[in-house]
K.L.:
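Here it is, the structure, as structure tokens.
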Amino acid sequence: MSDAANTGFILDMQRKLYRWSTANPAKVFADLFNIVCDRRTLTHAWQRLARNAGSNTPGTDGVTREMIQKRSNGVAGLLEEIRQDLRHGTYRPQPVRQRLIPKPGKPGKFRPLGIPTLKDRLVQMALKMVLEPIFEADFYPISYGFRPGRSTHDALARTQQRLHPSSVGPSRTRYVIEGDIKGCFDAIDHHVLMERVRRRIKDRKVLRLVLAFLKAEIMIEGSLRHSVTGTPQGGVISPLLANIYLTAIDERYRRWVPGPREEAAKATNRHNWDRKLGRPIFYMVRYADDFVVLVQGTREDAEGERQALAQFLNEELHMELSMEKTRITDVREGFDFLGYRVVQKKSPATRRHVGNLFIPKGKLQLLRDKIRAKVRKTPTGWTLADLIDKLNPVIVGWRNYYRYASRAWKEFSKLDWWLDQRIALWLRRKHDKTTWAELFRHYAQSRCGKRKRWRQEKREIALFAEAHQQRFPDRGIRIPNGWNAVQDERFRKGADKHWEAFNTLAFL
């Protein structure tokens, strides 16, 4: 079957599951395992994995994508082997290889990254494609982490919007609670998570498969450790399971935030009612385990909510809120969220207080340190083209993320000037007997009237200022996810009555 046919089957299946889940919040889904085992599901899961560079990172079995493709029976043989193991009940996840990744800007601190085998990643991908549209219908609009169609910039835009004045006057948000959960992903309680999964899924084979991935052993420096709590960071299905678990926090604030199937106006009406009664209002924005609670009230209200939230996490989710890192900050002093500095400042044009996003000084310094280290570690025996290839991915990725910050153009111009000096010094070490004039004549060239930049052959250094400053819009609560668009005619008319026929289709 062609790639287009596989994609069409998966998209049709996901749209149906999403629509059924949206239409009936109490619906519990059964007979999903046949769809997970379907050849088209497994084939599409492989296609998605193969596009990822991580598919050549081996797990504990040492198998990579290239090794699979070089086998005599190739990918088709692997998919059929997995399919038979799943259908006969003999499939068992293999141990997860753990690596420790240094945390940026935190010397000596590491984040554990779990690397399942390629076979397990493929099964997790197939399972995720079936479960995600069901649970996506239950997720709150103020949750943005690892969800289709959403990004960190959406979370930042929503936070910024809550600090802007509205048609009725200035923003009433005065304080923010910066949430920090100790070892969030490692602290996920398997029993509590499975109870939340069972609210929507009653297919026993699917439930056993989810639990098997949670209980998979972890390989740490050659020794196996049994998993009691947590979901390995790095697993394909781990972000979805974490969102299912952490949705409990969203539910805590359901009085003040729009529900999964609710119009924003209803939440606004509840806001207005509480404000008239003099009650505090708490509005949360969450990206995975990073979240902020925006407080319309006094500092005492914020202090009380922090204590209440800590108690809720402990009793309901068996997690611990770090009281030292969960700070309460005045929004006009600013707070850090998802790599940006968020501050409510007076606009020079309107003289009204608005939400602003800035590039934190610490992030600028981390970038300089990273680029400086890359330049210093590059041998002078390399060509300038090699150094450019090494630096450009860092420059492009960083400028694309921070181009939505206020005064980003100013910081970008400074960085371009600083980067020019770093490369010039490296070239001076490489050609220590060449004059500056000759270096600039040979390597610094302009094209089509643009400013001069370092270039060799067809490679040229990327400029931070090339990413023009932009404003990321707040897209509201109805963000397209690929399944909530207008459905075609055959999905709109009577499809809800044909669940059994759809499961029969999955066997073919």
Side-chain angles (χ1 to χ4, degrees), residues 10 13-14 17 20-21 27-42 44-46 49 59-61 78-97 114-136 138 185-219 224-245 247 317-318 499-500 502-504 506-507:
I10 295 299
M13 175 267 293
Q14 290 179 323
L17 293 175
W20 287 327
S21 184
K27 183 176 180 63
V28 184
F29 290 79
D31 299 325
L32 296 172
F33 192 72
N34 293 323
I35 308 175
V36 177
C37 298
D38 189 274
R39 288 188 179 91
R40 290 164 290 188
T41 305
L42 294 174
H44 190 73
W46 172 265
L49 281 180
T60 52
D61 61 354
L78 174 69
L79 298 184
E80 187 60 28
E81 175 189 335
I82 292 175
R83 185 171 181 271
Q84 293 302 323
D85 286 347
L86 288 170
R87 294 186 62 80
H88 295 148
T90 58
Y91 173 79
R92 298 290 183 275
Q94 295 175 274
V96 176
R97 181 166 68 94
I115 305 175
T117 63
L118 187 62
K119 183 176 179 180
D120 290 340
R121 274 177 271 173
L122 195 148
V123 177
Q124 286 189 32
M125 179 65 78
L127 188 61
K128 175 178 178 283
M129 289 190 302
V130 175
L131 296 183
E132 188 172 40
I134 296 173
F135 287 99
E136 179 66 24
D138 294 334
F185 289 95
D186 295 330
I188 290 177
D189 187 288
H190 293 171
H191 175 72
V192 176
L193 173 58
M194 291 306 299
E195 285 299 311
R196 296 189 68 86
V197 174
R198 290 188 186 99
R199 294 180 185 179
R200 281 300 207 164
I201 309 298
K202 67 177 180 181
D203 188 316
R204 292 185 178 181
K205 292 182 179 179
V206 169
L207 293 173
R208 281 199 294 266
L209 195 56
V210 172
L211 186 60
F213 284 123
L214 290 174
K215 297 294 185 182
E217 295 179 315
I218 301 174
M219 178 75 74
L224 290 176
R225 180 175 68 83
H226 293 279
S227 177
V228 179
T229 61
T231 176
Q233 298 185 58
V236 175
I237 202 171
S238 295
L240 173 62
L241 297 178
N243 268 332
I244 294 171
Y245 194 81
T247 296
L317 298 181
H318 305 162
W499 177 246
E500 292 80 7
F502 177 66
N503 284 321
T504 303
F507 279 109

K.L.:
If you take all heavy atoms of Leu207 and Met194, which pair is closest and at what distance?
P.N.:
O-CE, 3.6 Å
K.L.:
Working to the nearest 0.5 angstrom, can you tell me the gap between Arg199 CZ and Ile244 CD1?
P.N.:
11.0 Å
K.L.:
What's the separation between atom CG in Asn34 and atom CZ in Arg87, rounded to the nearest 0.5 Å?
P.N.:
6.0 Å
K.L.:
Sub-3.5 Å donor-acceptor pair from the side chain of Asp61 to the main-chain atoms of Thr117, do we have one?
P.N.:
no
K.L.:
Between Gln124 and Val236 (side chain of the first, backbone of the second, donor and acceptor by atom type, cut-off under 3.5 Å), is there such a pair?
P.N.:
yes
K.L.:
Has the side chain of Thr60 got a donor or acceptor atom that lies under 3.5 Å from a matching backbone atom of Val96?
P.N.:
no
K.L.:
What's the verdict on side chain to side chain contact (heavy atoms under 4.5 Å, CB included) for His190 and Thr231, showing C-alpha distance, side-chain angles and the deciding distance?
P.N.:
CA-CA 8 Å; His190 293 171; Thr231 176; 6.0 Å; no
K.L.:
Could you state the interatomic distance from CG (Leu78) to CG (Leu122), rounded to the nearest 0.5 Å?
P.N.:
6.5 Å
K.L.:
Using atom types as modelled and distance alone, determine if a side-chain donor or acceptor of Asp120 lies under 3.5 Å from a backbone N or O of Pro93.
P.N.:
no
K.L.:
With no hydrogens and no angle check, just 3.5 Å: does a side-chain donor-acceptor pair link Ser21 and Arg200?
P.N.:
yes
K.L.:
Where the side chain of Tyr245 meets the backbone of Leu317, is there a donor-acceptor pair that is under 3.5 Å apart?
P.N.:
yes
K.L.:
Indicate the atoms forming the closest heavy-atom contact of Gly59 with Arg121, along with that distance.
P.N.:
N-NH2, 4.1 Å
K.L.:
Does Lys215 NZ have over 12 foreign heavy atoms under 6.0 Å away?
P.N.:
yes
K.L.:
Please round to the nearest 0.5 Å and tell me the distance separating atom CG of Leu214 and atom CG of Leu209.
P.N.:
10.0 Å
K.L.:
Distance from Leu17 atom CG to Glu136 atom CD, nearest 0.5 Å?
P.N.:
12.5 Å
K.L.:
Would you confirm whether Arg97, through its side chain, and Gly114, through its main-chain N or O, come within 3.5 Å as a donor-acceptor pair?
P.N.:
no
K.L.:
To the nearest 0.5 angstrom, please state how far the CG atom of Leu79 sits from the CD atom of Gln84.
P.N.:
12.0 Å
K.L.:
Does Val206 form a side chain to side chain contact (heavy atoms under 4.5 Å, CB included) with Phe29? I'd like the steps, not just the answer.
P.N.:
CA-CA 10 Å; Val206 169; Phe29 290 79; over 6 Å; no
K.L.:
Using side chain to side chain contact (heavy atoms under 4.5 Å, CB included), reason through Arg208 and Arg204 one step at a time and then give a plain yes or no.
P.N.:
CA-CA 6 Å; Arg208 281 199 294 266; Arg204 292 185 178 181; 4.0 Å; yes
K.L.:
Ignoring hydrogens and geometry, is there a side-chain-to-backbone donor-acceptor pair from Thr41 to Ala126 under 3.5 Å?
P.N.:
no
K.L.:
Examine distances only and state if a side-chain atom of Asp85 and a backbone atom of Thr90 form a donor-acceptor pair shorter than 3.5 Å.
P.N.:
no
K.L.:
Could you pull out the closest heavy-atom pair between Gln14 and Met129, with the gap in Å?
P.N.:
NE2-O, 3.0 Å
K.L.:
Per the side-chain contact (heavy atoms from CB on, under 4.5 Å) rule, which among Leu131, Ile188, Val210 passes with Leu241?
P.N.:
Val210
